Amino acid sequence: MPTIFIMTDSILSKAATMEIPINSNGDSRTAEDDSLEQDLQQVMVSGPNLNETNIVSGGYGGAAEGIIPTSSIKDIRSKSRGIAPSHSATSRIANQPGHYPAPSMHHSNSNPSMMSEEATRGVAVEKFDTMKKWSINTYKCTKQMFSERFGRGTKTVDLELEAQIDVLRETKIKYERILRLAHELTNHFYNMVQTQQALGDTFADLSQKSPELQDEFGYNAETQRLLCKNGETLLGAINFFVSSINTLVNKTMEDTLMTIKMYENARLEFDAYRTDLEELSVGPQDAAAMVRIEIAQQQYQIQKDKYERLHSDVSIKLKFLEENKVKVMHKQLLLFHNAISAYFAGNQQQLEQALRQFNVKLKPSGSDKPSWLEEQ
């Protein structure tokens with residue numbers, strides 16, 4: 001804690017009552033001045049060195065940065081009296097640990113931290129605007145949807161296009177059933193072919209080990225091998241049929257249905273903004289209302305253009321989908337019929353010809369088996 005010095009009453013009385021007369025030659029020093037100066041010197045000698053005394057700001061236990069040397073105070077007082085502080089005093093103030101230079105009045109606009117802060121603020125504002133627009137759009141669409149469901153709102157309907165969309169959805173469900181049954185047929189028939197192959201190998205082995213039944217076992221082994229070969233050919237045709245149906249259902253039809261979903265959302269937004277514009281048009285026509293009507297008119301036009309564009313896209317895709325479906329199914333159904341008929345008729349040549357007709361390539365028999373080197 002800094003030491004506080006108290007002047008004696010005699011010194012204070014002298015300082016308070018003395019008068020400073022000025023003689024003719026301008027010398028203002030008197031005998032009382034000399035006596036006062038001696039008393040002050042005695043006080044200074046008896047106490048600590050004021051040049052080394054620190055004045056602490058901020059209360060007890062303050063930080064070191066708040067310490068100001070008394071020599072600095074002397075320099076400041078001298079400056080206030082018009083006397084420039086000495087170079088040594090200025091250097092001592094600048095070198096103090098708690099001294100901070102005055103900030104420059106000219107800041108560079110290219111400060112990286114300021115630029116980063118402005119960029120972050122810009123991104124935040126953009127996200128806020130996006131969220132605000134999304135919230136308003138969601139509210140309008142939800143309101144329109146409930147109004148249509150409870151029969152209080154009007155709905156834009158293209159009866160011809162809606163009928164085509166309903167037919168497409170029903171067709172997709174039926175084709176998905178065909179695809180599921182074709183998968184099951186493929187699995188069952190594959191298991192049957194594997195059983196025939198195993199049965200033929202067993203007959204062939206018994207033909208060699210049973211001399212008395214060699215011919216009978218040999219005939220059956222040859223029959224099973226032929227059935228197995230034809231079965232592998234038929235499996236190739238069925239797999240080609242399944243692959244084509246899968247592409248038609250899960251890619252072509254699904255792509256069209258995704259466009260239809262976008263069209264239905266655009267239709268809902270269009271009706272929501274149309275209803276909003278109609279409600280504003282029948283309300284008061286003051287200046288503020290006219291501004292809102294103009295904004296609503298702009299939003300309505302944007303939604304209308306989007307709705308008409310998707311309406312055209314859906315019509316075109318439905319047309320091309322129907323043409324593609326007829327072409328693909330005509331080929332696949334003909335292949336499926338010819339292959340099944342030839343297999344169960346036992347006509348191997350007709351079965352192979354059906355596959356060549358539709359450019360169905362089969363793997364060579366035994367190509368899936370590892371080579372002799374791979375088995376070692």
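Small disclaimer: the values here were computed from a predicted structure and weren't measured.
- Tyr273 is linked by a ring-ring contact (aromatic ring centres under 6.0 Å, His included) to nothing, counting only residues two or more places apart in sequence or in another chain.
- Ring geometry for Phe189 versus Tyr343: interplanar angle over 60°, hence perpendicular rather than tilted (30 to 60°).
- There is no side-chain donor-acceptor pair under 3.5 Å between Gln214 and Ser207.
- Residue Val291 is found in a hydrophobic cluster whose other members, listed by chain and number, are Ile295; membership requires side-chain heavy atoms under 4.5 Å apart, directly or through intermediates.
- Applying the salt bridge (Lys or Arg N to Asp or Glu O under 4.0 Å) test to every pair with at least one member in residues 310-336, sequence neighbours left out, gives these pairs: Asp255-Lys317, Glu322-Lys325.
- Connectivity analysis of hydrophobic side chains (ILVMFWY, heavy atoms under 4.5 Å, direct or indirect) links Leu181 to nothing; its cluster partners are none.
- Rounded to the nearest 0.5 angstrom, Phe358 CZ and Asn338 CG are separated by 6.0 Å.
- Salt-bridge annotation for Arg225 and Glu232: absent, with no side-chain N of the basic residue lying under 4.0 Å from a carboxylate O of the acidic one.
- Between Glu176 and Lys172 a salt bridge is recorded (basic side-chain N to carboxylate O distance below 4.0 Å).
- Under the 3.5 Å distance criterion, with hydrogens and angles disregarded, a donor-acceptor pair is assigned to the side chains of Glu352 and Gln348.
- The distance from atom CD1 of Ile260 to atom CD1 of Ile165, rounded to the nearest 0.5 Å, is 4.5 Å.
- Using the six-membered ring where Trp is involved, Tyr307 and Tyr263 have ring planes that are parallel, under 30° apart on the 30 and 60° scheme.
- With respect to the salt-bridge test (charged N to carboxylate O, under 4.0 angstrom), the residues Asp271 and Arg267 qualify.
- Using a cut-off of 4.0 Å between Lys/Arg side-chain N and Asp/Glu carboxylate O, Arg274 and Glu278 are scored as salt-bridged.
- For the residue pair Asp201 and Gln197, no side-chain donor N or O sits within less than 3.5 Å of a side-chain acceptor on the partner.
- Here Phe240 pairs with nothing under the ring-ring contact (aromatic ring centres under 6.0 Å, His included) rule; sequence neighbours left out.
- Under the salt bridge (Lys or Arg N to Asp or Glu O under 4.0 Å) criterion, Arg292 pairs with no residue, sequence neighbours left out.
- Note: Tyr219 and Phe203 fail the aromatic proximity criterion, with ring centroids not under 6.0 Å apart.
- Considering Thr247, Thr252, Asn246 in turn, Asn246 is the only one that fulfils the side-chain hydrogen bond (donor to acceptor under 3.5 Å, both in side chains) rule with Asn250.
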